[in-house]
Q: 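Take a look at the following structure, please.
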Amino acid sequence: STPVSEAIGYVELAARSVGPDINALPAAVQFGTVQIAGTPKSMNILIENVGNEILNVTDIQLDSLSSEITLANIPGLPANIAPGASEQLTVIYAPMDAGMDMGSILVTSNDRDEGMLTIPVSGIGGVPTTCAVSVAPTQLTFGLVERGSRIVLPVEVRNSGAMPCTLGNIMLNGDPE
């Protein structure tokens with residue numbers, strides 16, 4: 001049999017990262033609710049090189065089904081970004097209809113482990129009023145209800161506007177029969 005040693009040994013290790021390393025600030029763009037047909041909202045994104053060699057950005061594309069999200073101030077490509085340096089681009093959201101709009105910014109570079117950086121982009125087009133309350137369903141039918149019984153039907157009250165709503169004095173209307 002082979003003797004087992006219970007001794008613990010320590011080995012000193014050191015690692016050194018070599019190469020370009022792409023990073024985006026912010027890592028995701030969330031516009032929140034933006035007024036429909038109002039003033040477009042824009043956000044800047046920094047594409048940084050946190051590595052120790054030159055980062056070569058060869059392509060920047062917007063992948064979105066919505067024409068309401070656009071890019072501006074894209075640097076000339078290819079762009080060489082020195083270690084510790086960055087380039088800025090602008091994302092603009094100008095909603096023309098209500099609802100969620102989504103997309104991604106795709107940045108292609110020579111980063112060895114992240115050759116294509118994906119930056120998610122999202123925004124919601126809000127109804128151009130201070131508050132827009134919708135109720136669903138608009139009519140309720142209780143059917144035949146035995147005297148003394150209680151029936152509960154769900155109703156959804158939703159704010160589809162661009163600003164917060166305060167509700168008060170809620171009343172029920174309908175045939176009292």
Side-chain angles (χ1 to χ4, degrees), residues 20-51 55-79 81 85-142 151-174:
D21 191 4
I22 193 168
N23 188 49
L25 281 178
V29 177
Q30 298 175 337
F31 285 102
T33 302
V34 178
Q35 184 171 326
I36 295 170
T39 303
K41 191 170 181 181
S42 65
M43 291 183 74
N44 292 326
I45 297 177
L46 287 180
I47 305 299
E48 345 176 79
N49 180 4
V50 294
L55 176 72
N56 182 261
V57 175
T58 55
D59 195 27
I60 298 175
Q61 295 289 322
L62 176 64
D63 181 20
S64 177
L65 297 176
S66 173
S67 61
E68 299 167 2
I69 300 172
T70 57
L71 290 178
N73 303 325
I74 299 173
L77 298 174
I81 304 174
S86 63
E87 289 283 343
Q88 179 176 293
L89 60 112
T90 304
V91 187
I92 301 167
Y93 182 48
M96 298 309 292
D97 54 17
M100 174 74 82
D101 293 297
M102 297 172 64
S104 295
I105 300 168
L106 307 173
V107 183
T108 306
S109 73
N110 65 333
D111 183 318
R112 291 183 184 111
D113 67 341
E114 214 170 1
M116 180 167 299
L117 176 68
T118 302
I119 306 165
V121 179
S122 65
I124 301 169
V127 176
T129 60
T130 57
C131 173
V133 176
S134 61
V135 178
T138 57
Q139 290 186 329
L140 295 174
T141 303
F142 287 90
I151 300 288
V152 176
L153 296 177
V155 175
E156 179 182 62
V157 179
R158 176 176 287 189
N159 176 11
S160 56
M163 302 298 285
C165 292
T166 302
L167 301 178
N169 298 326
I170 298 174
M171 298 173 36
L172 300 175
N173 295 328

Q: I105 versus L71: any side-chain heavy-atom pair under 4.5 Å?
A: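 In contact.
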
Q: Considering non-hydrogen atoms only, spot the tightest contact between L140 and P154 and give its length.
A: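 Distance-wise, the nearest heavy atoms are CD2-O, 4.2 Å.
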
Q: Taking atom CE of M96 as the centre, does the number of heavy atoms from other residues, nucleotides or ligands within less than 6.0 Å exceed 12?
A: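 No, because the 6.0 Å sphere around CE of M96 holds 12 heavy atoms or fewer from other groups.
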
Q: Given side chains that start at C-beta, do those of I119 and V107 come closer than 4.5 Å, heavy atoms only?
A: yes

Q: Which heavy atom of I36 sits nearest a heavy atom of G126, and at what distance?
A: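 Scanning both residues, the minimum pair turns out to be CG1-O, 2.6 Å.
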
Q: Quick check against the 3.5 Å criterion: does Q30 have a side-chain atom that pairs as donor or acceptor with the backbone of S122?
A: no

Q: Once side-chain hydrogen bond (donor to acceptor under 3.5 Å, both in side chains) is applied, do any residues pair with Q139, and if so which ones, sequence neighbours excluded?
A: none

Q: Are any side-chain N or O atoms of S109 and backbone N or O atoms of D111, one a donor and one an acceptor, separated by less than 3.5 Å?
A: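 Confirmed, S109 side chain pairs with D111 backbone.
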
Q: In chain order, what residues pass the side chain to side chain contact (heavy atoms under 4.5 Å, CB included) check against N23, with sequence neighbours excluded?
A: L25, E48, V50

Q: If you compare all heavy atoms of G103 against all heavy atoms of I69, which two are closest, and at what distance to 0.1 Å?
A: N-CD1, 4.3 Å

Q: Taking only residues two or more places apart in sequence, or in another chain, which ones meet D97 in a side-chain hydrogen bond (donor to acceptor under 3.5 Å, both in side chains)?
A: none

Q: Going by ring pair (Phe, Tyr, Trp, His ring centres under 6.0 Å), name the pairs with one or both residues in residues 86-121, residues two or more places apart or in two chains.
A: F31-Y93

Q: Taking only residues two or more places apart in sequence or in another chain, which ones pass side-chain hydrogen bond (donor to acceptor under 3.5 Å, both in side chains) with S64?
A: none

Q: Specify the closest pair of heavy atoms between P95 and Q35, including all atoms of both residues, with the distance to one decimal.
A: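 The pair with the smallest heavy-atom distance is CG-O, 3.7 Å.
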
Q: Quick one: does N44's side chain get under 4.5 Å of L89's, heavy atoms only?
A: no

Q: CD1 of I60 to CD1 of I74: how many Å apart, nearest 0.5 Å?
A: 6.0 Å

Q: Could I get the full list of side-chain hydrogen bond (donor to acceptor under 3.5 Å, both in side chains) partners for T70, not counting sequence neighbours?
A: none

Q: Please list, chain by chain and in numerical order, all residues satisfying side chain to side chain contact (heavy atoms under 4.5 Å, CB included) with A94, sequence neighbours excluded.
A: P40

Q: Only counting residues at least two apart or in another chain, list the ones meeting side chain to side chain contact (heavy atoms under 4.5 Å, CB included) with A85.
A: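 Side chain to side chain contact (heavy atoms under 4.5 Å, CB included) list for A85, sorted by chain: I81, A82.
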
Q: So how far is it from L117 CG to I47 CD1, rounded to the nearest 0.5 Å?
A: 6.0 Å

Q: Under the rule for side chain to side chain contact (heavy atoms under 4.5 Å, CB included), what residues qualify as partners of Q61, not counting sequence neighbours?
A: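 Once residues adjacent in sequence are excluded, the partners of Q61 under the side chain to side chain contact (heavy atoms under 4.5 Å, CB included) criterion are D59.
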
Q: One pair to check against side chain to side chain donor-acceptor pair (under 3.5 Å): N73 and T90. What are the steps and the verdict?
A: CA-CA 6 Å; N73 303 325; T90 304; 2.9 Å; yes

Q: From the options L55, N49, D113, select the one residue that forms a side chain to side chain contact (heavy atoms under 4.5 Å, CB included) with I22.
A: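 Option passing the side chain to side chain contact (heavy atoms under 4.5 Å, CB included) with I22: L55.
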
Q: Atom CG of D63 and atom CE of M102: how far apart are they, to the nearest 0.5 Å?
A: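 That separation rounds to 11.0 Å.
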
Q: Please indicate whether L167 has more than 12 foreign heavy atoms, meaning atoms of other residues, nucleotides or ligands, lying under 6.0 Å from its CG.
A: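 Correct, the count exceeds 12.
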
Q: Under a 3.5 Å distance rule, please check whether N110 uses its side chain to pair with a backbone N or O of N56 as donor and acceptor.
A: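 Yes; at least one donor-acceptor contact below 3.5 Å.
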
Q: How many angstroms lie between atom CE of M116 and atom CD of E114, to the nearest 0.5 angstrom?
A: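 Result: 11.5 Å between the selected atoms.
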
Q: Once ring pair (Phe, Tyr, Trp, His ring centres under 6.0 Å) is applied, what residue pairs with a partner in residues 101-122 remain, sequence neighbours excluded?
A: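 Non-adjacent pairs meeting ring pair (Phe, Tyr, Trp, His ring centres under 6.0 Å): zero.
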
